[in-house]
Structure formats: structure tokens, C-alpha cells
There are 2 protein chains.
Amino acid sequence: MEAKVEKYQNNGNCPVRQVLDRLGDKWSMLVLLILSEQGTLRFKAIQRSIGDISQKMLTVTLRTLEADGLVSRRQYAEIPPRVEYELTDLGQSLLPHINRLAAWAVQHMEEITQHRAAYPGR
Amino acid sequence: MEAKVEKYQNNGNCPVRQVLDRLGDKWSMLVLLILSEQGTLRFKAIQRSIGDISQKMLTVTLRTLEADGLVSRRQYAEIPPRVEYELTDLGQSLLPHINRLAAWAVQHMEEITQHRAAYPGR
DNA sequence: CAGTATCCTACGCGATACTG
DNA sequence: CAGTATCGCGTAGGATACTG
């Protein structure tokens with residue numbers, strides 16, 4: 001008794017679209033993956049781990065993840081400042097899924113690359 | 001004995017980043033989800049199912065998915081034209097992961113919404 | 001170190017019109 | 001119906017400089 005056909009319509013009230021819109025930015029999933037693998041990390045450590053993310057975008061990404069409740073931020077009153085990030089419980093509950101996606105990527109990238117190369121036009 | 005810390009660096013040879021870059025656009029995951037649930041579909045049917053995707057973007061998205069080998073395209077010599085899309089085996093192998101992500105989204109959206117609302121500033 | 005504050009640009013995407 | 005072809009805009013996100 002469910003309407004199954006149109007359930008992805010209308011951005012406002014579709015959870016799938018809301019979540020995908022968030023994780024679909026350039027850095028969110030990557031930051032989550034890194035926190036998942038390496039546990040608690042400082043700002044600089046995350047940045048180094050990604051390598052080519054700007055300071056601005058790492059800040060923005062972390063703020064958004066924090067606002068969504070996926071990542072927690074803890075700052076210490078020291079000089080120089082130290083700020084550490086880690087996954088919340090909610091974040092931890094999401095991560096197995098992202099990890100499997102990443103594992104799939106590693107496993108099938110070769111195949112995708114070959115498809116692309118064989119695709120007519122380009 | 002692996003270098004584990006920096007493995008997400010450098011866009012060129014990191015499968016995780018390559019795949020995430022692809023699925024991270026506005027429509028790819030959604031189209032995959034729909035094809036996964038509803039099987040073989042015509043262009044118009046996909047468009048109706050999403051509702052607010054433009055013709056151009058659906059075309060572009062489907063072309064990319066086809067080039068990557070995730071979706072197959074079959075066109076019939078009829079008038080008016082009929083073109084049908086479905087997941088390839090490679091696409092099918094990816095979809096369980098995306099489906100679990102979507103399920104997680106449905107299950108936890110409420111919680112995320114509350115976090116956002118409670119977040120200071122905005 | 002861990003941020004903010006500006007400025008600026010590429011390009012993702014939508015709107016519209018046309019074709020086989 | 002299932003596309004292509006243009007045009008044009010908004011904004012994600014990079015570069016740079018400054019602060020506590």
C-alpha cells in the first residue's frame with residue numbers, strides 16, 4: 001500500500017535526496033572515511049591526509065558535518081591551539097556503508113576505467 | 001606493511017576519489033536507485049520518477065553512467081522512438097551499497113534534522 | 001595551529017528552442 | 001519520445017591575506 005514510483009520527488013521532504021545532497025559535495029565522504037580509519041584527528045592531520053583540500057573547504061566541511069551531528073569537535077585551551085575531530089555515534093552508524101562503497105570503488109575501478117576508455121566519443 | 005595514512009591523496013590514482021567524484025554529482029545515485037528498484041525503464045519514466053530533473057541533465061547523467069559501464073542503453077527502431085535503460089552487472093554489484101546508504105538516510109534523517117536545528121548559528 | 005574574511009572564477013546545471 | 005544545441009546564471013570552492 002505504498003506509493004513506490006514517485007518517492008524520490010521533491011527535494012524538501014525526501015530523506016534520500018537530503019542526505020545525498022550533503023554527502024555529495026567534494027569532500028564530506030572523504031573526511032568521514034579518514035576519521036573512520038584514523039580515529040581522533042587534528043585539523044592539520046586531516047588536511048595532510050587529503051593533501052589537496054584548502055583550509056577553507058576543510059573548515060566548511062567539518063562545520064557541516066558537525067552541524068549534522070556526524071562529527072564532534074573538541075578544542076583544548078592550549079597555545080598553540082589544538083582541535084580534535086572524531087566521528088559521533090551517528091557518524092559511526094553511517095560509516096560502514098561508506099566504507100563498503102569505498103571498498104567497491106577500489107575493487108572495480110579498473111573495470112570502470114576500461115569501460116570509459118572503450119566508450120565511443122572521447 | 002602499507003602506507004595507510006596518505007592513501008586518499010592525489011586525485012589521479014585514487015579509486016575512492018574517482019568513484020566518489022562521479023557519484024557525487026546531483027543525479028547519478030538517484031538514477032541508479034530508481035533503476036535498481038524499477039528495473040528496465042524508458043527515458044521519460046526515469047524523468048517522471050525524479051520529477052525535477054531537466055532533460056539535459058538526465059541525458060548527461062545517463063551518458064556518464066553508460067560510459068562507466070554501470071547502465072546499459074537499448075534503443076528500438078520504432079516511431080516514436082523508444083529507449084530503455086537498465087543496470088549492468090557492474091551496476092548491480094554497486095547497488096546494494098547505495099541502497100543501504102539510502103536506507104540509512106531514511107532511518108536517520110529525523111536525527112540529522114534535529115541536530116541541524118540545534119546547531120548554533122543558523 | 002586553527003581558524004575567519006574577501007575576492008574571484010570555473011563549471012554544474014537549468015531554461016529554452018530545435019531535430020529526427 | 002528522446003534526444004542535441006545554446007545561452008546564461010548561481011554557487012561551490014580555490015587563492016590569498018589576516019587574526020587569536
Side-chain angles (χ1 to χ4, degrees), chain A residues 8-12 17-18 20-31 34-35 40-68 71-86 119-122, chain B residues 8-12 17-18 20-31 34-35 40-68 71-86 119-122:
Chain A
Y8 296 118
Q9 284 191 19
N10 192 345
N11 220 325
R17 296 203 34 185
Q18 298 226 30
L20 290 185
D21 278 358
R22 289 287 181 153
L23 298 139
D25 66 4
K26 195 168 181 181
W27 303 110
S28 291
M29 290 218 207
L30 217 44
V31 168
I34 287 169
L35 287 176
T40 303
L41 284 180
R42 302 179 64 155
F43 187 93
K44 264 291 171 193
I46 303 174
Q47 194 175 26
R48 246 179 287 110
S49 204
I50 297 183
D52 58 342
I53 187 174
S54 68
Q55 199 169 26
K56 172 187 168 183
M57 284 319 296
L58 182 52
T59 301
V60 170
T61 302
L62 285 169
R63 287 291 174 280
T64 305
L65 293 174
E66 195 196 354
D68 286 0
V71 161
S72 70
R73 176 181 188 275
R74 179 165 209 174
Q75 90 177 294
Y76 299 85
E78 302 174 357
I79 297 210
R82 178 164 54 109
V83 180
E84 290 180 344
Y85 295 90
E86 65 180 331
Y119 196 74
R122 169 147 321 239
Chain B
Y8 295 118
Q9 283 192 17
N10 192 345
N11 221 324
R17 298 206 30 187
Q18 297 226 28
L20 290 185
D21 278 358
R22 289 286 183 155
L23 287 90
D25 66 3
K26 194 167 181 183
W27 304 111
S28 291
M29 291 218 207
L30 217 45
V31 168
I34 288 169
L35 287 176
T40 303
L41 284 180
R42 302 179 63 154
F43 187 93
K44 265 291 171 193
I46 302 174
Q47 194 174 26
R48 247 180 287 111
S49 204
I50 298 183
D52 57 342
I53 187 173
S54 68
Q55 198 170 26
K56 172 187 167 182
M57 284 318 296
L58 182 52
T59 302
V60 169
T61 303
L62 286 169
R63 286 292 173 281
T64 304
L65 293 175
E66 196 196 353
D68 286 0
V71 160
S72 69
R73 176 182 188 276
R74 179 164 208 178
Q75 91 176 294
Y76 299 86
E78 301 173 359
I79 298 211
R82 178 163 54 110
V83 179
E84 291 180 344
Y85 294 91
E86 64 180 333
Y119 195 74
R122 171 147 320 240

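Order of the sequence lines fixes the chain letters, A, B, ..., with proteins taken first and strands second; residue numbering starts at 1 for each chain. The structure presented is a predicted model; accordingly, all values stated were derived computationally and were not measured.
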Checklist outcome for this item: The contact string for nucleotides 5-14 of chain C, one letter per nucleotide 5' to 3', using protein heavy atoms under 4.0 Å with B, S and - for base, sugar-phosphate only and none, comes out as --B-----BB
Item to check | Pairing partner of dT6(D) (Watson-Crick or G-U wobble, both distances under 3.5 Å) | outcome: dA15(C)
Next on the checklist: So which atom in Gln47(A) and which in Ser54(A) form the shortest heavy-atom distance, rounded to 0.1 Å?
Outcome noted: NE2-C, 3.8 Å
Checklist entry - Across the strands shown, which category fits Tyr76(B) at heavy-atom distances under 4.0 angstrom: base, sugar-phosphate, nothing? => result nothing
Item to check | Leu30(A) and Arg17(B), any side-chain heavy atoms less than 4.5 Å apart | outcome: yes
Next on the checklist: Could you go through Tyr119(B) and Asp68(A), starting from their C-alpha distance and side-chain angles, then the distance that decides it, and tell me whether this counts as side-chain contact (heavy atoms from CB on, under 4.5 Å)?
Outcome noted: CA-CA 8 Å; Tyr119(B) 195 74; Asp68(A) 286 0; over 6 Å; no
Item to check | Within-4.5 Å side-chain heavy-atom neighbours: Arg82(A) and Glu84(A) | outcome: yes
Next on the checklist: Considering every strand and a 4.0 Å limit on heavy-atom distances, what is the contact class for Gln75(B): base, sugar-phosphate, or nothing?
Outcome noted: nothing
Next on the checklist: Could you walk me through whether Glu66(B) and Tyr85(B) satisfy the side-chain hydrogen bond (donor to acceptor under 3.5 Å, both in side chains) test, starting with their C-alpha distance in whole Å, then the side-chain angles of each, then the deciding distance to 0.1 Å, before giving a yes or no?
Outcome noted: CA-CA 9 Å; Glu66(B) 196 196 353; Tyr85(B) 294 91; over 6 Å; no
Checklist outcome for this item: Bounded by its outermost nucleotides with an atom under 4.0 Å from a heavy atom of chain A, the footprint on DNA chain D reads dG13(D) to dG20(D)
Checklist entry - So which one's nearest nucleotide on DNA chain C is more toward 5', Thr59(A) or Pro80(A)? => result Pro80(A)
Checklist entry - Looking at Ser28(B) and Arg22(B), what are the two nearest heavy atoms and their distance? => result OG-O, 3.7 Å
Checklist entry - With no hydrogens and no angle check, is any side-chain donor or acceptor of Gln9(B) less than 3.5 Å from a backbone partner on Arg48(A)? => result yes
Next on the checklist: Which residue is it: Val31(A), Val83(A), Ile34(A)? I am looking for the one with a side-chain contact (heavy atoms from CB on, under 4.5 Å) to Leu41(A).
Outcome noted: Ile34(A)
